[in-house]
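Just so you know, these numbers use all the heavy atoms, side chains as well, and skip hydrogens, waters and symmetry mates.
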Amino acid sequence: MLNILWPIFLIISFIYAIFNGRVAQVNNSIFESTKSAVELCLSLIGTVCLWNGIMQIASKTRVVGHIEKILNPIMKKIFPEIKREDKAYKEITMNIIANIMGLGNAATPLGLKAMKSMQKKNDDKNRLSNSMCMFIVLNTASIQLIPTTVIAIRNSLGSNNPTAMIIPVWIATVCAAISAIVSAKLLMKKF
């Protein structure tokens, strides 16, 4: 659907610019936008590399084991079908830790690995298991203690206080995660 809507929006914008004599402004905004996008990507690369490196180091230390112990009671309630010894359990835990640290880019590959591991144990390959559904819901509404990507974006755009939104992010992500988990649990019972 988007592959139809975006070209329509672009065509309408260009036609509107032609009829209003603003083609030069459209061209300038295109080049300014691409320049800003490249600058933003370059500023985020450092942050992403730093936190991905920290996650790699953390995965090889006892830190992850300690965090797993803290998350274990919650994980048992949220993912009752997954055993602590399973490969998927560690991958889910690493994904949750990456999301908590605000590392969406580091969390994505971990989430994909977790889904592959859960799919291997899934009896019906054409249908998501309850654990897979819960993981998707939890991953989408992830709790973030340190929203590093947002802080990096705000910093790169010259914010006077790039960390000012941390408390609202905590409130929003905790509320989203709780409502997502409760909704998923209720729907699992119904279906």
On a heavy-atom basis, which atom in K77 and which in K185 lie closest, and how many Å separate them? O-NZ, 2.8 Å
d(L10 CG, L5 CG) to nearest 0.5 Å is 11.0 Å
Side chains of Q119 and N122: closer than 4.5 Å at any heavy-atom pair? yes
Can you name the closest pair of heavy atoms from A141 and A180 and give their distance? CB-CB, 3.8 Å
Tell me if a side-chain donor or acceptor on T173 pairs with a main-chain N or O of Q144 at a distance below 3.5 Å. yes
pair M115-I136: side-chain heavy atoms closer than 4.5 Å: yes
Do I78 and I178 land in one hydrophobic cluster if side-chain heavy atoms of ILVMFWY residues count as linked below 4.5 Å? no
Where is the tightest heavy-atom contact between L71 and I96, given as atom of each residue plus distance? CD1-CG2, 4.1 Å
Minimum heavy-atom distance between F135 and F79, given as atom pair plus value: N-CE2, 3.7 Å
SG on C175 to CD1 on I143, rounded to 0.5 Å: 10.0 Å
Count the heavy atoms belonging to other residues, nucleotides or ligands that lie under 6.0 Å from CZ of R22, then report whether that count exceeds 12. no
Tell me, yes or no, whether the heavy-atom count around K125 atom NZ, taken from other residues, nucleotides or ligands under 6.0 Å, exceeds 12. yes
Is there a chain of hydrophobic side chains (I, L, V, M, F, W, Y, each step under 4.5 Å between heavy atoms) that links L145 to V150? yes
Can you tell me if K113 uses its side chain to pair, donor with acceptor, with the backbone of I92 under 3.5 Å? no
Quick check: closest heavy atoms across N130 and M188, and the distance to 0.1 Å? O-CE, 3.1 Å
Between atom CD1 of I67 and atom OG1 of T93, what is the distance when rounded to the nearest 0.5 Å? 10.0 Å
Same apolar cluster: L112 and L110, side chain cutoff 4.5 Å: no
Between N161 and T163, does any side-chain donor sit less than 3.5 Å from a side-chain acceptor? yes
Just verifying a value: how many Å separate I12 CD1 and I8 CD1, rounded to the nearest 0.5 Å? 6.5 Å
Does V26 belong to the same Ile/Leu/Val/Met/Phe/Trp/Tyr cluster as F9, with side-chain heavy atoms less than 4.5 Å apart forming each link? no
Have N28 and Q25 got a donor and an acceptor in their side chains that come within less than 3.5 Å? no
Any chance CD1 of I167 has more than 12 other-residue heavy atoms, nucleotides or ligands included, within less than 6.0 Å? no
Find out whether V23 and I18 are in side-chain contact, i.e. whether some heavy atom of one side chain is under 4.5 Å from a heavy atom of the other. yes
Matching residue for Y89 among M118, M94, M75 - test: side chain to side chain contact (heavy atoms under 4.5 Å, CB included): M75
Let me check something: do I146 and I171 share a hydrophobic cluster, defined by ILVMFWY side-chain heavy atoms less than 4.5 Å apart, either directly or through other members? yes
Just verifying a value: how many Å separate N20 CG and I15 CD1, rounded to the nearest 0.5 Å? 12.0 Å
Go through L138 and N99 one step at a time and tell me if the side-chain contact (heavy atoms from CB on, under 4.5 Å) criterion holds. CA-CA 10 Å; L138 187 62; N99 277 323; over 6 Å; no
Of all heavy-atom pairs linking N95 and A107, the shortest is ND2-O, 2.7 Å
Quick one: pull up CG in N160 and CG in N155 and give me the separation to the nearest 0.5 Å. 10.5 Å
